[in-house]
Protein chains: 2
Amino acid sequence: MDTDKTYHARLNSIFEVALVEEINKSADFRVFNKNEQIITEGQYLKYLPIVLNGSIRVFQTYEDREILLYYVTPLKTCIMSLSACLFNNKSLSNAVCEADTGVLLIPSNYILDWQKKYDSWNRFIISAYRDRYDELLYSFNDAVFKNIDERAMAYLKNYTEENNTNKVPLSHQALAHELGTTRVVISRILKNFELEGKVILHRGDIELKK
Amino acid sequence: MDTDKTYHARLNSIFEVALVEEINKSADFRVFNKNEQIITEGQYLKYLPIVLNGSIRVFQTYEDREILLYYVTPLKTCIMSLSACLFNNKSLSNAVCEADTGVLLIPSNYILDWQKKYDSWNRFIISAYRDRYDELLYSFNDAVFKNIDERAMAYLKNYTEENNTNKVPLSHQALAHELGTTRVVISRILKNFELEGKVILHRGDIELKK
DNA sequence: GGAAAACGGTATCAAAAGATACAAAGGGCT
DNA sequence: AGCCCTTTGTATCTTTTGATACCGTTTTCC
């Protein structure tokens, strides 16, 4: 768990000093447990969450299906919450912790306030939207123009690069879910990758060979 | 073409009075011709466009393919331009007029300025991002979870509802492009729709039956 | 230890979608 | 009228993906 110090240092790396002070004054810090549901569809929100450590999975449900939107990782916020807060709408999505997660809760009335006072807050908010949009656009293009095996390999490569490892700790089922397909399809593809010498399969994780 | 009056009335419907005055003082109004390219990939932007009439198609190119992002319609802005302006990055997309189009050009230095002064501007900017995100999310889910015939029908229905007509003025080729597939596939699907009595096909447009 | 759940392998069949090729019709232009 | 380009119709073949079923192994939990 974070000490107060590292948590300050982190905020200072993206916000101006005066804003960090305001945050410390006005925001609550809360820790949620792994698998705890923070937000449920239909709920009104009074706080904008900023993750300090851990990770939150954000998804919608549609016709019994869970539609993964994104993960909120440290120093990021959740644009679905932002939209809901700002326009005082019901949340359209759910948020569940992937791990024990420390979150700053910004009371929603400060959002527009800070927009008016702090450039760094403005950039933070806009970047949040922009980054999610780019991410989604990328996924969309992949989904429309690429085959699943390419998408799967891209996912594996991306994961290993971002997390600086060569093992992706997902079951076939979980990977299928990430890509919006079914377990059998993923098993088939991964087996082919293994035969081609591109990966080594273990129970519960996939090892990417160089 | 718009007179000054209707153009004022339009801005007043979304912005506070003081902001409309600032816009009139600081922004350029320009008219572009149909098929004129306003923005090219790689270009730096000094202005944020707000469309007053007409329509702008925004797209990226990737491996010889044109990837349609969205259309900018009246009283909307272009979030790709916004991102480029705000972070002083090269534009990642192209913008071409679909029709003769009147555009307000906001010098980029005013964007953050107005964020600090006007609630309505804040909401305008955030809504712009939110709406595009929602739009793209919707398309993404369709692409991943639905068959092309469903997507095609959804497109037709959506078009006729939004434009209050029962004819969609697109060639099969153009519709294929909208949905990221090929002409033959669309022709096949539309022919089926016709046999099922759902549409009537004409050269250059598709008529949706009730 | 034993039952239940999660995980992974694999075969078979069906459906969806893409690729290619060719023909015919419509519409504009000289 | 004659030419050309765009649009549409359609057949054939292949590839990709999904659906279902069944089995064996590993893990988890009482």
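Labels below follow one simple rule: chain letters A, B, ... track the order of the sequence lines, proteins then strands, and each chain is numbered from 1. All values derive from a computational prediction rather than experimental measurement.
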TODO: Would you indicate what A:Leu190 reaches in the nucleic acid, counting non-hydrogen atoms under 4.0 angstrom: base, sugar-phosphate, or nothing?
DONE: nothing
- [ ] Using a heavy-atom cut-off of under 4.0 Å over every strand shown, decide if A:Ile148 touches base, sugar-phosphate, or nothing.
- [x] sugar-phosphate
- [ ] Without swapping roles, check the side chain of A:Thr77 against the backbone of A:Ile50 for a donor-acceptor pair under 3.5 Å.
- [x] no
Once you round it to whole Å, what is the distance between [atom2] of [N] and [atom1] of [X]?
{"X": "B:Arg188", "N": "D:dT12", "atom1": "CZ", "atom2": "P", "value": "13 Å"}
{"X": "B:Asn147", "N": "D:dT17", "atom1": "CG", "atom2": "P", "value": "14 Å"}
{"X": "A:Glu150", "N": "C:dG18", "atom1": "CD", "atom2": "C1'", "value": "14 Å"}
{"X": "B:His202", "N": "C:dA25", "atom1": "NE2", "atom2": "P", "value": "19 Å"}
{"X": "A:Arg151", "N": "D:dT17", "atom1": "CZ", "atom2": "C1'", "value": "11 Å"}
{"X": "A:Asp142", "N": "D:dT16", "atom1": "CG", "atom2": "P", "value": "17 Å"}
{"X": "A:Asp205", "N": "D:dT27", "atom1": "CG", "atom2": "C1'", "value": "15 Å"}
{"X": "B:Lys191", "N": "C:dA24", "atom1": "NZ", "atom2": "C1'", "value": "13 Å"}

Task: Any donor-acceptor N or O pair under 3.5 Å, side chains A:Ser108, A:Tyr44 - done: no
Open item on the list: Could you tell me if A:Ser139 and A:Tyr70 have a donor-acceptor pair between their side chains, going purely by distance under 3.5 Å?
Closed with: no
Task: Shortest side-chain distance from A:Leu201, nucleotide among C:dG9, C:dA6, D:dG9 - done: C:dG9
- [ ] Please tell me which of the listed nucleotides, D:dT17, D:dT8, D:dT26, lies nearest to the side chain of B:Ser187?
- [x] D:dT8
TODO: Establish whether the base of D:dT8 is bridged to the side chain of B:Arg203 by a donor-acceptor pair shorter than 3.5 Å.
DONE: no
- [ ] Please check if the distance between the ring centroids of A:Phe15 and A:Phe124 is under 6.0 Å.
- [x] yes
TODO: Before accepting this row, confirm whether a basic side-chain N of the pair A:Arg132/A:Glu135 lies closer than 4.0 Å to the acidic partner's carboxylate O.
DONE: yes
Open item on the list: Please list all pairs meeting side chain to side chain donor-acceptor pair (under 3.5 Å) that have one or both residues in residues 153-174 of chain B, counting only residues at least two apart or in different chains.
Closed with: B:Tyr155-B:Glu178, B:His172-B:Ser187
Open item on the list: Please determine whether salt bridge (charged side-chain N to carboxylate O under 4.0 Å, His left out) holds for the pair A:Lys25 and A:Glu22, giving the CA-CA distance in whole Å, both sets of side-chain angles, and the decisive distance to 0.1 Å.
Closed with: CA-CA 5 Å; A:Lys25 208 163 36 179; A:Glu22 282 227 45; 5.2 Å; no
Open item on the list: Both A:Gly204 and A:Val144 contact DNA chain C. Taking the nearest nucleotide for each, which residue is further toward the 5' end?
Closed with: A:Gly204
- [ ] Check DNA chain C against residues 171-186 of chain A and give the residues with a non-hydrogen atom under 4.0 Å, in numerical order.
- [x] A:Ser171, A:His172, A:Arg183, A:Val184
